[in-house]
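Report on the following structure.
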Amino acid sequence: MRLDVDFSLTLESRQRRFELKVAFSSEEDRVVMFGQSGAGKSSTLQVIAGLRKPERGRIVVGGRTLFDRERNIDLPARERRVGYVFQDYALFPHLTVWGNVAYGLKHFGKWRLTEEERARVAELLRLTGLTPFAEARPGSLSGGQRQRVALARALITQPSVLLLDEPFAALDARLRRRMRDELVDMQQCFAVPLVLITHDLQDVERLAQTLVVIDLGQVTRTVSTGALRGSRGGEAWMTELAHLCGVLEGPAPCLPGTSTVNEV
Amino acid sequence: MDPGNTPILLTLKVASLATLASALIGIPLARWIACSRFRLRDGLDAMLMLPMVLPPTVLGYYLIVLLGRNGPLGRWLEQSFGVSLMFTWQGAVVAATLVAFPLVYKASRAAFEDVEATLENAARTLGSHELELFFRVTLPVAARGIVAGLMLTFARAMGEFGATLMIAGNLPGKTQTLSIAIYDAVQSGQEEHALLLVGVISVLCVGVLWMAGRLLPSRP
């Protein structure tokens, strides 16, 4: 899938003024955007999803123009067909797991799911291992299960791109590894391209086909990692990635082996 | 006829309708104030809370000025529809609504502000337009706080005295609500009758507050 993102946006709060100028494009299906907290990653995803309006620029996903200032195109979020997995998952607390996943299939005037849609919900629950929890509320689930609900809910509408905002940040290291593998499986199973943002090098290593490094609101590097990886593996490749991500100078909290945040 | 019967039924009728009216006024206002940013917002917010602070007799006086025979709204109602709210139970509903709606407004505003913006954003990316996500996400998530506010509104409307007395008067079997009937009974020395009515309204209010308390704790 081809993804073209090029926009600028000024974020203003009482304390600071922040210029976000992001431009990158990718032909590959798994884009990982790497940057430290406050680099503008989340805002970038929100702009792609239509939750934030940039001042200028163009966003094209798979040949479909979602935003183009010059041509006056600005699809509202509901028409962009993006799946969004929020950092804290943003599951609807008043709905069951089933209700959360089925949310995107129901609309005013269309409350009943068709046979085919019910089967789709059931299939997604099965693929994410959530079938036994279909009637549970999100509040009673573990971190990993919530993440799977968020993923299933985002995939139900067959989005043209899946956006993930630090999806593994709240999980412990072991679970993170497993969820990365699950994410790759789901991505291939649904043939949906994804854009994931992270400040964890392990995510880059496992998931990135295109690596976009963002720092202080600017894209500093866009790399297609497939060609680079070549025969290099293990430590050498991680070191190389750390260099690419610009985390080797100064404190590097995300270096391999050092980043274990325990689940809260 | 049991003399206690009419005031009880009338009170329940007035309080129910006042709660309904408060919901229709207070909830949309709360939603609007909670999600908008304009210069006079805080001033408007204070205005809406005023009925909670002002003495009910002052509110009653305002209502007489507004709805009385010579008041602008009263005259218009009289000329257009041939109705007057003065000394009617409908007038009591207006008084109780004015006094009680800040409670549902305040509770709803807090409940709406507690709904995380990402929940609404999630609904947007899942294809919901604004009105739809209000009814499918915002309102249900805020429901506990709103319902608790409605309970308090109902309790307050049930106990309304001052403004009601000024606009609806004290007409037994017509506008005499529980709290006014109690006042009347005490004034005319019917101690036992007063005690009975006091018991009834106490039990009703405790019941309502108990239900409100059950709805208030944090969600599971």
Side-chain angles (χ1 to χ4, degrees), chain A residues 42-43 45-52 66 75-96 99-111 136-141 146 149-165, chain B residues 23 27-28 30-31 34-42 104 107-151 211-220:
Chain A
S42 290
S43 303
L45 281 200
Q46 287 166 1
V47 166
I48 297 174
L51 300 172
R52 242 182 222 287
L66 304 183
L75 293 185
R78 62 175 184 274
E79 288 170 19
R80 292 203 176 189
R81 292 188 52 230
V82 298
Y84 203 128
V85 176
F86 291 83
Q87 186 167 8
D88 54 2
Y89 311 138
L91 301 179
F92 303 128
H94 58 297
L95 299 177
T96 61
N100 267 277
V101 175
Y103 184 96
L105 297 176
K106 295 179 183 172
H107 296 286
F108 269 6
K110 179 190 171 299
W111 292 110
R137 302 269 163 155
S140 64
L141 301 178
R146 285 182 205 192
V149 178
L151 188 60
R153 183 181 67 175
L155 285 171
I156 196 75
T157 52
Q158 296 171 318
S160 55
V161 62
L162 188 59
L163 308 175
L164 303 103
D165 188 346
Chain B
I27 297 173
R31 169 65 177 168
C35 67
S36 59
R37 301 271 172 277
F38 58 95
R39 239 156 53 92
L40 295 174
R41 193 177 82 130
D42 292 342
V104 65
S108 307
R109 186 182 160 186
F112 284 136
E113 283 172 350
D114 272 355
V115 177
E116 285 182 49
T118 52
L119 288 182
E120 296 175 332
N121 275 342
R124 287 185 185 106
T125 62
L126 290 166
S128 292
H129 54 73
E130 297 300 307
L131 193 66
E132 181 176 351
L133 75 86
F134 175 73
F135 283 106
R136 290 182 68 193
V137 176
T138 318
L139 199 56
V141 172
R144 299 174 73 87
I146 295 174
V147 171
L150 284 172
M151 294 275 177
M211 278 198 14
R214 296 255 319 209
L215 289 162
L216 266 179
S218 58
R219 51 181 73 91

Note to self: Counting only non-hydrogen atoms closer than 4.5 Å, does Leu105(A) touch chain B with its backbone (N, CA, C, O), its side chain (CB onward), both, or neither?
What the structure shows: neither
Item checked: Donor on one side chain, acceptor on other, Tyr103(A) and Ser128(B), under 3.5 Å -> yes
Next item on the list: Can you measure from NE2 (His129(B)) to CZ (Arg78(A)) and round to the nearest 0.5 angstrom?
Entry: 7.0 Å
Margin query: Quick one, Val141(B) and Phe92(A) - any side-chain contact, counting heavy atoms below 4.5 Å?
Written below: no
Check: What is the minimum heavy-atom distance between His94(A) and Arg136(B), and which atoms define it?
Finding: NE2-O, 2.8 Å
Check: So how far is it from Thr125(B) OG1 to Ile48(A) CD1, rounded to the nearest 0.5 Å?
Finding: 13.0 Å
Check: Quick one: of Leu131(B), Leu133(B), Leu119(B), who has the most non-hydrogen atom pairs under 4.5 Å with chain A?
Finding: Leu119(B)
Check: So, for Ala90(A) and Ala122(B), which heavy atoms are closest and what is the spacing to 0.1 Å?
Finding: O-CB, 4.1 Å
Item checked: For His107(A) against Glu132(B), the heavy-atom pair lying closest together -> CA-OE2, 3.3 Å
Note to self: Between Arg153(A) and Leu126(B), does the side chain to side chain contact (heavy atoms under 4.5 Å, CB included) criterion hold? Intermediate values first, please.
What the structure shows: CA-CA 8 Å; Arg153(A) 183 181 67 175; Leu126(B) 290 166; 3.6 Å; yes
Next item on the list: Would you indicate whether Glu116(B), at its atom CD, is surrounded by more than 12 heavy atoms from other residues, nucleotides or ligands within a distance under 6.0 Å?
Entry: no
Check: Which region of Arg81(A), side chain (C-beta onward) or backbone (N, CA, C, O), has a non-hydrogen atom less than 4.5 Å from a non-hydrogen atom of chain B, or is it both or neither?
Finding: neither
Next item on the list: Can you label the angle between the Phe108(A) ring and the Phe135(B) ring as parallel, tilted or perpendicular, going by 30° and 60°?
Entry: tilted
